[in-house]
Every structure is written in C-alpha cells, then in structure tokens.
There are 2 protein chains.
Amino acid sequence: MAGRKRWSTEEILDAAAELLRTSDADSFSVRKLAAALGTDSSSLYRHFRSKTELLRAAADRILLAAMDGYRPEGDWKQRITSLALHVREAFGRQPQLAAVWGRHASSGTGSRLVMEEMLQALRASGLSDEEIPARYHRIAVLVAALIASEAGLGTVTPGEYEQGMELFRVAVLGADPERFPALAHFARDIRPLGVDRRAAFEEILAAQLAHIEAAISPSQPTGPGVSANDGELERSAHHRCSEGRRRPLPT
Amino acid sequence: MAGRKRWSTEEILDAAAELLRTSDADSFSVRKLAAALGTDSSSLYRHFRSKTELLRAAADRILLAAMDGYRPEGDWKQRITSLALHVREAFGRQPQLAAVWGRHASSGTGSRLVMEEMLQALRASGLSDEEIPARYHRIAVLVAALIASEAGLGTVTPGEYEQGMELFRVAVLGADPERFPALAHFARDIRPLGVDRRAAFEEILAAQLAHIEAAISPSQPTGPGVSANDGELERSAHHRCSEGRRRPLPT
DNA sequence: ACCTGAACACCGTTCAAGT
DNA sequence: ACCTGAACACCGTTCAAGT
C-alpha cells in the first residue's frame, strides 16, 4: 500500500475488535494490530498511552454494540437478566476483551449505558434508593465475574484445552475411592467447569435476583423519583486495605 | 555459585509460588524463575512441558496448602462457605495462579481434596445423589469465577489501577443527568467493583446456597447411614491458615 | 546421560532521526 | 508537525553443542 493514511481512534478500535475476533488463540498484539493497519506499532502510541488503554477502549465499544440490540422488557428481574445476557454474548465473541473488562473495567459510553439500565431496572424493583447501590454492586460483581471467567476459558489454546481435559478426566475418574470416596462415587457425573455455561449463568444470576427480591420491603413496588441523596454509605473505609499496590477497579 | 544442583519438581514449584507471591506486578516469567533458582530457563523444560503446565501444578499446590488449614464444621452450607473462603484466601496471595486456575482448572491432589469436600458437604445437605452433580457444577462455576475475577483485579499494576479509578470517577460522577439519569442520581454511592470483595463473595455465595436449599425435597435432611463414610477429612494441624501474614486481595 | 549457551521468533514501549 | 526505523529490554521455547 503506497497511501499513507492517518487512522482515527475509532478505526483503530474497530480494527482491534476485528483482529481480536479472528485471532485464533490469544495472539493479539500491538504489533499485529499495527501490521493489520499497514503501519508501525509506534504510530498507535499517539492514540493510546498503552496497550491496556487501547483494550479498555475496545471493551467499551463492545458494550456499546451490546446495548444497541438491547431493549428493556418485562419486570426488573427480566431486564437485568436480559441485559446481562446481552453483555455476555457480546463479549463471547471477543473473550480477551472480556478478560480486560473484568480486570480493568471500562468507563466510556458503553459502560455508562449498562450501568444506567441496571440502575433503572433496580429502581423498578421496589428497592429503596438507600438499598440500591449495595445491591447494584453485588450484581455487577457477579455478572462481571461470570462473564470474565467464562471468557477466560475461551482464551486457552486447543492444545492446552485438550491437555486440561485429559488432566481433569484423570483427576476425577482416577480418584482413589479410599481417599476420595465422594469424588469416586460421582466421578461419571462430574462435569468440567466449561460445560453448560449459559444455563449456569442464568441459574446463578436468577438465584441472586431471587435473593434480592426476597429482601424487598412490602411497600409500593415502583416509586418514582425519591429525594436526591441522603445516602450515607460509608464510602472510604474500604478503599485502603492493607497491601499498598494491586487494586481493584470500577465498572 | 559453583555448586550445580539439580532441582526437584517440588522445589521448582515452591520457588515459583514464592516468586509469584513476591513479584510486585504480574512479572512472573520462566526466565526469572530460572534466575531465582540459579539456573537457565531451558532446564525447567525438563520438568514441565510448558509454562502453563508449570502454573497448573503450582495452582494445585496452592489448593493443597489451602486444604491444610481447613476443617469441616457446621452444616453443609457452612462447610461449603468455609471451604470456598479458604480457597479464596489462599489464591489471594498468588492472584496470577488464581487466574490460571480459573482458565485451566487443576487436577492434582489439591484439586481433588477440594472437590471431595464439596461433594461430601452436598451429600450432607439432603440433596439426592441424582441432583448433586448439577448443583456441584453451579457452585464450582460460581466460586471459581468469583475467585478468579477477584484475583484478576490483583494483577493490575498500580499505574493501571489509578488510571482506571480516574476513568471510573469520570464515568460515574461526570455522567450527563439528561442521558443517564439513574447513574447521575446514584453517582456518589456507586462503588467500584474491587471494593468490599469479601462481603460480596460471602453474600453472593450465600444466595446461591439458599437457592439450592430451597429446592431440597422435604425428606430427612441428613441421612445418617447414607454413605459408607461421611468421614471428615483425615488431616491435622492448623498450620498456617490465614491471619499471620499478608492479607489477601482487596477486602 | 545430563545440562546449557545461543538462537528463534516474538513482545510492549520509547525516541532520535527522518520527512 | 507528523511519522517511523531502530533500538531497548524483555518474552516462551527449542536444540545443537558441550561436559
């Protein structure tokens, strides 16, 4: 290609998403992305300060696309379930971005759309405004964990996967009945973690939502806007815990 | 050092665990492990076919150590909760191994001990033998996802963390009230995913266990002569358990 | 028989030098 | 002003050559 084109940030992110979708294993790299764009990796560092920042932005674009096909329907539990499944499916095609999302979260428009819809659904649940932030946190933690871990399974190479399955079979089917009686007893019916993930996702989330529903005080189910913020959640205590580095992240 | 020592597989794994525990960021590598052992990275490929296989084995050792400080107590739900918390805490000191565990599972004695205890606890729940494998699968998926994702948060570098926190603040506090009314409304009380993880872990797991309990058919809760051995694990010593050294991940 | 130096084919990131 | 070739400091893995 003779033409020297200057790529926009959006074009770079789209190319990144495309490369992530089609790269067979976990073989995404800044250099390969640059090569796919016909330029040098150093050029990309004008748009992004690091690979992480690039991937964060790409993950947010995935959320944006996921919300594009989402329409709120049904009661609050159905809305949250449908929302979560949309996000799950969107990341299913780019598992590596799901991993980044779980580790670093994202913070663009896509992320905000997801947060907004989940909060609106919770507001329709009958929970008081004081209860919602904590419940929101639990649901977000659960959904992000399930999606990211499921996606993690999608990043193992075929060779590693087969090797792991063989180890699993040996560990379960070969368990000594003297030492592992229950394991030996159930050996034939124990399934590896990667199986049946969608059903597991829905069931686990449903259990969490049912748990929340059971705690809703029997007042009117859908109150309109209540007063602004009298929330007196203790916000600071948790932020500093022992080890001075390694910190968690936002949604 | 003049002395050329031949390292055993166990010594290598212990050194790997130590290096993972003390490596500031996610800077573990085969080469660094070899350097720590005073040898060349190529030597390690006599013991392990790949880095993944090495990490898998190291993860299993972590599970083994976690089970060392575990003692079954209380009803089936308490047993599963305590077991899960033990595993969580063990991996909290080696977050990168938790990530490997979530992706590749593990299949040695440590893994078997965990599976065995969880199955024994489920057998004490009153669930029928036919129901147990599916319930086991759900619990395993949930616990692995929560632990792996929490650990993933522990592998971000301080710089990335701070950058992510800033993005989160902007995304939440800077949300346009016209477009994101609920988000703007709750902005001050929405907390990042990495906060309050232990409480979230316990709550989410408790919801799942309650969900299972509600499905137990009303027969006798703990059949006395049900299985050959309801034997508790025959191990002793509370060794190092938890409190002594570093804290696990975020709280 | 055992080990290892050197190499291969990669990384993310930086920056001086080019246009 | 913008871009990029070349370099830096790393990776995981292999294998011919040494002892």
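All heavy atoms count here, side chains included; hydrogens, waters and symmetry mates do not. Convention: sequence-line order gives letters A, B, ...; per-chain numbering from 1. Just so you know, these numbers come straight off a predicted model, no measurement behind them.
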J.: Would you find a donor on one side and an acceptor on the other, under 3.5 Å apart, between the side chain of A:Thr155 and the backbone of A:Gly152?
T.: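 Yes; at least one donor-acceptor contact below 3.5 Å.
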J.: Under a 3.5 Å cut-off for both contacts, is D:dA1 paired Watson-Crick or G-U wobble with anything, and if yes, with which nucleotide?
T.: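 The answer is C:dT19, by the H-bond criterion.
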J.: Does a side-chain N or O from A:Ser43 land closer than 4.0 Å to OP1 or OP2 of D:dC3, or not?
T.: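 Looking at the OP1 and OP2 atoms of D:dC3, neither is under 4.0 Å from any side-chain N or O of A:Ser43.
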J.: Using purine N1 to pyrimidine N3 plus N6-O4 or O6-N4 for Watson-Crick, or N1-O2 and O6-N3 for G-U wobble, both under 3.5 Å, which nucleotide pairs with C:dA9?
T.: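 Across all strands, not a single nucleotide pairs with C:dA9.
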J.: How does protein reach along nucleotides 8-19 of chain C, written 5' to 3' as B (base within reach of a heavy atom under 4.0 Å), S (only sugar-phosphate), or - (no contact)?
T.: ---BBBBB----
J.: Roughly how many Å apart are D:dA9 and C:dA9, using the P atom of each and rounding to a whole number?
T.: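 Those two atoms are separated by 23 Å.
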J.: So does B:Pro133 get a backbone contact from the side chain of B:His137, meaning a donor-acceptor N/O pair under 3.5 Å?
T.: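 Checked: no pair found.
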J.: It should be established whether B:Arg46 places a side-chain nitrogen or oxygen under 4.0 Å from OP1 or OP2 of nucleotide C:dC3.
T.: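 Result: yes.
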J.: Is the shortest heavy-atom distance from the side chain of A:Leu37 to the side chain of A:Leu44 under 4.5 Å?
T.: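 When only atoms from C-beta onward are counted, A:Leu44 and A:Leu37 do touch, with a gap below 4.5 Å.
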J.: Would a distance-only check, ignoring hydrogens and angles, find a side-chain to backbone donor-acceptor pair under 3.5 Å from A:Arg197 to A:Leu193?
T.: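 At least one qualifying donor-acceptor pair exists.
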J.: Does A:Asp40 offer a backbone N or O that forms a donor-acceptor pair with the side chain of A:Ser43 under 3.5 Å?
T.: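 Yes; judged by distance alone, with no hydrogens or angles, the pair exists.
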J.: Ignoring hydrogens and geometry, is there a side-chain-to-backbone donor-acceptor pair from B:Glu116 to A:Ala182 under 3.5 Å?
T.: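 Flag set: sc B:Glu116 to bb A:Ala182 pair under 3.5 Å.
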